[in-house]
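Accompanying notes for the structure given below.
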Amino acid sequence: MAKKDWMVRESELDDDQIKVLMATLDKSIVVKGCAGSGKSVLALLKAQRVQNEKNTNSYNIIVFTKALCRYMNAGKELLGIKNDFNYHWVWKNRKKRSSVDYLIVDEIQDFSKEEIEQFIDASKKCFFFFGDTAQSIYGGIKTTLPVEDIRDLLPKERKPKEFELYRNYRLPIPVARIVQYVGVDLPPYEESTYKSQETALPRFIRYKSVEEQLKAIKRLIERDTLSDVAILLPHNDMVKQVSSFFKEIGLNHELKYENKEEWKKRIDNLNFQTTNPKVMTYHSAKGLQFETVFLPSILDAFSDDDRKALYVAMTRTYRYLYVMYDRELPHPLELIPNELYKTSESDLNDITDI
């Protein structure tokens with residue numbers, strides 16, 4: 001199947017999204033919205049409005065991760081946006097926190113109070129922040145600020161206008177049902193907020209080993225001619241191991257691997273214009289979307305941070321989700337009623353041990 005175009009035309013926006021887009025450019029805003037609610041698209045469209053209506057290039061567009069930065073840069077040409085997105089490290093270290101008239105930040109929940117204050121200080125006129133506290137997954141690494149607390153950083157006369165997006169356009173209802181058991185502090189499940197027409201049940205499949213899981217991924221990609229695939233893993237060391245195994249069995253792929261000790265050993269050859277499967281961590285996949293998401297070597301997620309990371313990984317799909325494990329189904333997935341998922345690669349043979 002062809003890759004789904006994640007860009008949404010302005011004519012396709014719903015009423016809540018239009019309110020965000022058409023809000024005055026002379027007042028700062030904070031937009032809260034669930035996974036799949038169109039925040040990233042609105043960030044792009046907001047940049048387009050600033051560029052065209054204010055006739056200025058004095059704007060910066062910032063995200064936390066390099067992968068999301070590259071993903072969104074791939075879509076900016078469709079809108080005629082001249083300025084590149086920057087991931088936070090570049091803005092902080094190479095651009096020296098440069099000030100502009102308008103600062104646009106996607107996934108604002110990834111940033112600390114101090115970092116958000118730096119964004120505010122760097123906004124000469126207005127800032128436009130987009131985020132979702134439920135997808136804040138950097139606990140233990142940094143102390144991030146809940147999106148709803150941002151307005152408290154400013155005096156009354158400078159407080160931003162707040163918007164909330166309720167509808168989810170990416171996540172299939174069958175996936176939405178199961179992630180309710182995984183996410184932390186999610187709003188109550190309301191099926192009417194999910195607009196996807198996809199109906200495939202997620203698959204939770206037990207294999208005899210991790211190697212068998214990875215062989216199955218190759219088999220399924222080839223069997224179903226999957227062309228928009230993410231293979232997401234809990235940790236960087238697993239990314240490197242999985243990539244090595246895929247090389248052995250002849251699966252072409254791209255990866256993003258971080259070596260915290262030696263930056264020269266980092267690998268990042270993700271290209272969102274190709275159909276090669278993308279291998280990366282849950283954290284690196286934030287903000288991205290794929291037709292098919294494979295989660296091999298699934299681990300227990302006991303802490304809130306673990307559960308938020310797993311929630312982010314599971315909500316990257318817009319069609320198919322495969323959870324792969326050996327031994328017993330890990331926590332919190334064992335809490336999910338088994339009628340909400342399938343347990344085999346094929347509908348013709350619904351077994352629990354491949």
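- Judged by distance alone, the side chain of Lys96 and the main-chain N or O of Asn93 form a donor-acceptor pair under 3.5 Å.
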Given the rule in the side-chain hydrogen bond (donor to acceptor under 3.5 Å, both in side chains) test, do Lys342 and Ser346 qualify, once you have shown the distances and angles that lead to the verdict? CA-CA 9 Å; Lys342 292 181 177 293; Ser346 170; over 6 Å; no
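- Between the side chain of Lys46 and the backbone N or O of Val20 there is at least one donor-acceptor pair closer than 3.5 Å.
- A search for side-chain hydrogen bond (donor to acceptor under 3.5 Å, both in side chains) contacts involving Gln241 returns nothing, not counting sequence neighbours.
- Residues passing the ring pair (Phe, Tyr, Trp, His ring centres under 6.0 Å) test with Tyr194 are Tyr189, sequence neighbours excluded.
- The pair Lys208-Asp326 fails the salt-bridge criterion, with no side-chain N (NZ, NE, NH1 or NH2) lying under 4.0 Å from an Asp/Glu carboxylate O.
- Neither Ile29 nor Tyr166 shares a network with the other; the hydrophobic side chains, linked directly or stepwise wherever heavy atoms of I, L, V, M, F, W or Y lie under 4.5 Å apart, form separate groups for each.
- Interatomic distance, CG of Asp110 versus CD1 of Ile141, reported as 10.0 Å (0.5 Å rounding).
- In the model, Ser136 has no side-chain atom that pairs as donor or acceptor with a side-chain atom of Thr133 under 3.5 Å.
- Between Met314 and Val175, the shortest heavy-atom contact is O-CG1, 3.7 Å.
- Residue pairs meeting the salt bridge (Lys or Arg N to Asp or Glu O under 4.0 Å) criterion with at least one member in residues 18-41, sequence neighbours excluded, are Asp26-Lys54.
- In summary, the side chains of Glu345 and Tyr207 do present a donor paired with an acceptor at a separation below 3.5 Å, with no hydrogens or angles considered.
- Contact of the Ile108 side chain with the Ile116 side chain is registered, since non-hydrogen atoms from C-beta on lie closer than 4.5 Å.
- Residues Thr275 and Asp228 form no side-chain contact, since every pair of their non-hydrogen atoms from C-beta on lies 4.5 Å or further apart.
- A side-chain donor-acceptor contact under 3.5 Å links Ser303 and Asp306.
- Seen from the ring of Phe163, Lys161 counts as a face-on cation partner, given the 6.0 Å and 45° thresholds.
- Remark: Asp132 engages Gln135 in a side-chain hydrogen bond (donor to acceptor under 3.5 Å, both in side chains) (not counting sequence neighbours).
- Both Ile173 and Tyr311 are assigned to one and the same hydrophobic cluster, defined by single-linkage of ILVMFWY side chains at heavy-atom distances under 4.5 Å.
- Within 6.0 Å of atom CD in Glu328, 12 or fewer heavy atoms from other residues, nucleotides or ligands are found, so the atom counts as exposed in its surroundings.
- In this structure, Asn83 contributes its side chain and Asn57 its backbone to a donor-acceptor pair below 3.5 Å.
- Under the rule for a salt bridge (Lys or Arg N to Asp or Glu O under 4.0 Å), the partners of Glu162 that lie at least two apart in sequence or sit in another chain are Arg151.
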Decide yes or no on side-chain contact (heavy atoms from CB on, under 4.5 Å) for Lys278 and His253, but give the supporting numbers first. CA-CA 6 Å; Lys278 313 295 190 266; His253 63 283; over 6 Å; no
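- The cluster map of Ile, Leu, Val, Met, Phe, Trp and Tyr, joined by side-chain heavy atoms under 4.5 Å apart, puts Val179 and Tyr181 in the same cluster.
- Once rounded to the nearest 0.5 Å, the distance linking CD1 of Ile178 with CG of Leu321 reads 5.0 Å.
- Judged by distance alone, the side chains of Ser112 and Thr144 never bring a donor and an acceptor atom under 3.5 Å apart.
- In this structure, Val293 and Leu295 have side chains that are in contact, with non-hydrogen atoms separated by less than 4.5 Å.
- Between the CD1 atom in Ile249 and the CZ atom in Arg219 there is a gap of 9.5 Å [rounded to 0.5 Å].
- Pairs engaging residues 172-197 under the salt bridge (Lys or Arg N to Asp or Glu O under 4.0 Å) rule: Arg177-Glu191 [sequence neighbours left out].
- Checked by atom type, the side-chain pair Gln213/Ser297 shows no donor-acceptor distance below 3.5 Å.
- Taking both residues in full, the closest heavy atoms of Ala67 and Ser284 are given as CB-O, 3.4 Å, listed atom of the first, atom of the second, then distance.
- Proximity of the aromatic rings of Tyr318 and Phe290 is defined here by a centroid distance below 6.0 angstrom, and this criterion is not met.
- With sequence neighbours left out, the side-chain hydrogen bond (donor to acceptor under 3.5 Å, both in side chains) criterion links Thr65 to no other residue.
- If you take CD on Glu107 and OH on Tyr138, they are separated by 8.5 Å, rounding to the nearest 0.5 Å.
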Apply side-chain contact (heavy atoms from CB on, under 4.5 Å) to Thr56 and Gln51, showing your working. CA-CA 5 Å; Thr56 181; Gln51 180 179 282; over 6 Å; no
Step by step, would you call Tyr169 with Glu12 a side-chain hydrogen bond (donor to acceptor under 3.5 Å, both in side chains)? CA-CA 11 Å; Tyr169 291 93; Glu12 298 171 337; over 6 Å; no
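- In this structure, Arg167 pairs ionically with Asp14, as a charged nitrogen and a carboxylate oxygen lie closer than 4.0 Å.
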List the steps, then state whether side-chain hydrogen bond (donor to acceptor under 3.5 Å, both in side chains) holds for Ser37 with Asn168. CA-CA 5 Å; Ser37 59; Asn168 190 312; over 6 Å; no
Let me have the donor-acceptor pairs involving side chains of residues 117-127, under 3.5 Å, with sequence neighbours excluded, atom names and distances please.
{"from": "Glu117", "atom 1": "OE2", "to": "Lys113", "atom 2": "NZ", "distance (Å)": "2.9"}
{"from": "Gln118", "atom 1": "OE1", "to": "Arg97", "atom 2": "NE", "distance (Å)": "3.4"}
{"from": "Ser123", "atom 1": "OG", "to": "Phe119", "atom 2": "O", "distance (Å)": "2.8"}

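- The distance from atom CZ of Phe246 to atom CG of Asn252, rounded to the nearest 0.5 Å, is 11.5 Å.
- The pair Glu222-Lys218 meets the salt-bridge criterion, since a charged nitrogen lies less than 4.0 angstrom from a carboxylate oxygen.
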Please output the side-chain donor-acceptor pairs of residues 231-240 that fall under 3.5 Å, not counting sequence neighbours, one pair per line with the distance.
{"from": "Asn236", "atom 1": "OD1", "to": "Glu258", "atom 2": "N", "distance (Å)": "2.9"}

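- Among residues two or more places apart in sequence or in another chain, the ring pair (Phe, Tyr, Trp, His ring centres under 6.0 Å) test is passed with Tyr59 by none.
- For Glu254 and Asn269, the side-chain atoms include no donor-acceptor pair closer than 3.5 Å.
- Under the 3.5 Å distance criterion, the side-chain polar atoms of Gln48 are matched with a main-chain donor or acceptor of Leu79.
- For the ring-ring contact (aromatic ring centres under 6.0 Å, His included) with Tyr71, the qualifying choice from Phe272, Phe85, Tyr87 is Phe272, the only one to do so.
- Proximity of a side-chain donor or acceptor of His283 to a complementary backbone N or O of Thr281 within less than 3.5 Å is not detected.
- Residues passing the salt bridge (Lys or Arg N to Asp or Glu O under 4.0 Å) test with Lys142, sequence neighbours excluded: Glu115.
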Walk me through it: do Arg170 and Arg316 pass the test side-chain contact (heavy atoms from CB on, under 4.5 Å)? CA-CA 8 Å; Arg170 178 176 67 235; Arg316 297 309 92 201; 3.2 Å; yes
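- Rounding to the nearest 0.5 Å places OG of Ser344 at 13.5 Å from CZ of Phe204.
- Scanning for ring pair (Phe, Tyr, Trp, His ring centres under 6.0 Å) contacts around His331 gives Phe302, with sequence neighbours left out.
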